[in-house]
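Mind having a look at this structure? Questions to follow.
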Amino acid sequence: MRPSAALAAVAGVLASGVSAENYLGFNSGSTLADRSAKFKADFLAEFNTAQKLQGAPGKFNAVRLYTNIQAYSKDDPIQAFEAAIETKTKILLGIWTSGTDSISNELSALKKAITKYGKDFTDLVIGMSVGSEDLYRNSETGVKNEAGIGAEPDVLVKFINDYKKSVAGTALASVPVGHVDTWDAFVNGTNKKVIDALDWVGVDEYPYYESGKGNHIKNAGYLFDRAFDAVVAAVGGKPIWVTETGWPSSGPKWDQAEASVENAKYYWQEIGCRKLFNKVPTFWYNLRDSNPDNKMLFQITKDLSTKPLFDLTCPTTFDTPTTTAKSGSPSATGFSTASAPGSSTTGSGSGSGSGSSASTDGTGSSESGTPESGASLGMSFSTFTISGLAVVAGVFALF
Ligand SMILES: *[C@@H]1O[C@H](CO)[C@@H](O)[C@H](O)[C@H]1NC(C)=O
C-alpha cells in the first residue's frame, strides 16, 4: 500500500472515531459499598491507585463509568470527571438506560460537563456506552432470574440516536458509540439492530458464574474464549471491547468455581495476560467492590492499596491453548457435561439485583447499579450462560 493510501486508511479509521488503542482500565460505579455517593476524592483515590498498581502489565489509566450523573442528584455531572481530568484518566462514558423512556437527565449532565470543563474533559473521552446489560435483563433468562427491568432493542436504538443528536456539533461527536451487554445478548439475532447502530461492542464475561459448565478455574480460559468467539462471529467485524471481566478473590463457592486470591491471580493471567491486556480494550472488574448485595469480592487490591492482593506481572506461557474458535470438540473443558438450560443450581438470591434497577428515573442508586447489578447478576449469569453456551454449542456443531 502506498503511504498516502495507508494514511487515508488510518484517516478513515480515525474519522469513524474508532480508536485502535487497547485501553487498560477498571469499572467505577457512582456509589460506595454503603450506597453513599462517591465524590471527587473517592474517584481520585481510585484513579491514582489504578495508575500505580505494582507489577501491572501496563498503565491502568482508563475508567469505565456507568452514568454521567452524580449519585443522588438530578443531573449534576458525576464528580469522576474532575478526578479524571486531574489524573489524566481516559473515560469510557456510560448512560444508564434501563427502565426509563428518557435519557434527558443523562444528556443534560453530559452537556453541563462539556460546557464546564471543555477540552480538558472531552479530550479524555475514549468512548460512550449507551446502556449496560439492558438486553440481558430483558432476555428470557434475565426475566426468569428477576434481574430487573431492562430495555428493548428499539428503545436502545432510539437512545443511541438521542445521544448522537445531543452531541452533534460538540467535541464528543466523533467519539465512538458502543453498548455494553452480556455476551449472549449479542449472539441473539433479535438484538442485531442494536449492533448495527454501534461503532464498537462492549462485552461482559464471567466464567466464574457459568455453573453446570465445568466452571472450575482451570476451565475459565476455555469458557471465556468460547463466549468471546461467539461474539466475534455475531458482530460482523465491529471492534470488541471487554467491558467487565474478573474472578472473585473471596466469597462463596459457585458450582465448581471457587473464589480465592490464587484463582483470581490465575484468571488474571489466563484471561487478562493471555487474551486481553494490550490486545483488546479492557476494563477489569474490579479495583474495588461497591455492591453490598454481592458476597463475592472482585477487588484485586485491599483498601485501594497500590500493592495488589497478588502478583500482577504477566507470565510468558499459559495453560489455555490459543485456538478455540475452530475446535468442534470441547475436549477436556467439561462442556460435554453441560446440563440443560434452567437446570443450574442458581436462582436463589437473584432478586437482590432488582433493587439496584428499581430506580428508573436517573436519580437514586440505579446509575451505580450496574457493576452492582452486574455482580448480583452473578446469580443470573449462571443460568443465562447455560442458554448462551447452548447457542455456542449449536454454532460449533455446524463446523
Ligand atoms: C432475544 O432478544 C430479545 C430482545 O432483546 C428478547 O426479548 C428475547 O428474550 C431474547 N431471547 C432469549 C432466548 O433470551
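All ligand and atom numbering here is 1-based and tracks the order in the structure.
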Checklist entry - Which residues satisfy the side chain to side chain contact (heavy atoms under 4.5 Å, CB included) test with L297, sequence neighbours excluded? => result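 So L297 forms a side chain to side chain contact (heavy atoms under 4.5 Å, CB included) with S250, D289, Q299.
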Checklist entry - Under 3.5 Å between some N or O of ligand 1 and some N or O of E152? => result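 No, no N or O pair falls under 3.5 Å.
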Next on the checklist: Can you see whether Y266 has K218 sitting over its ring - NZ or CZ less than 6.0 Å from the centre and within 45° of the normal?
Outcome noted: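 Ring-cation test returns yes.
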Item to check | P153 neighbourhood, listing ligand 1 atoms whose heavy-atom distance to it stays under 4.0 Å | outcome: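 So the atoms of ligand 1 that pass are 4 (C), 5 (O).
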Item to check | Ion pair D225/R274, N-O distance below 4.0 Å | outcome: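 Here D225 pairs with R274 in a salt bridge, since their nearest N and O are under 4.0 Å apart.
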Next on the checklist: Quick check on contacts: which atoms of ligand 1 are under 4.0 angstrom from a heavy atom of S139?
Outcome noted: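 In order of number, 9 (O), 14 (O).
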Item to check | Close-contact set for ligand 1 against N188 heavy atoms, below 4.0 Å | outcome: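 So the answer, numbered in order with elements, is 1 (C), 2 (O), 3 (C), 8 (C), 10 (C), 11 (N), 12 (C).
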Next on the checklist: According to side chain to side chain donor-acceptor pair (under 3.5 Å), who are the partners of S249, at least two apart in sequence or on a separate chain?
Outcome noted: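 Per chain and number, S249 pairs via side chain to side chain donor-acceptor pair (under 3.5 Å) with no residue.
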Item to check | Per atom 5 (O) of ligand 1, closest listed option by heavy atom (V194, N191, L135) | outcome: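 Nearest option to atom 5 (O) of ligand 1, by heavy atoms: N191.
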Checklist entry - Salt bridge between D196 and K193, side-chain N to carboxylate O under 4.0 Å? => result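 Salt bridge between D196 and K193, a charged N being under 4.0 Å from a carboxylate O: no.
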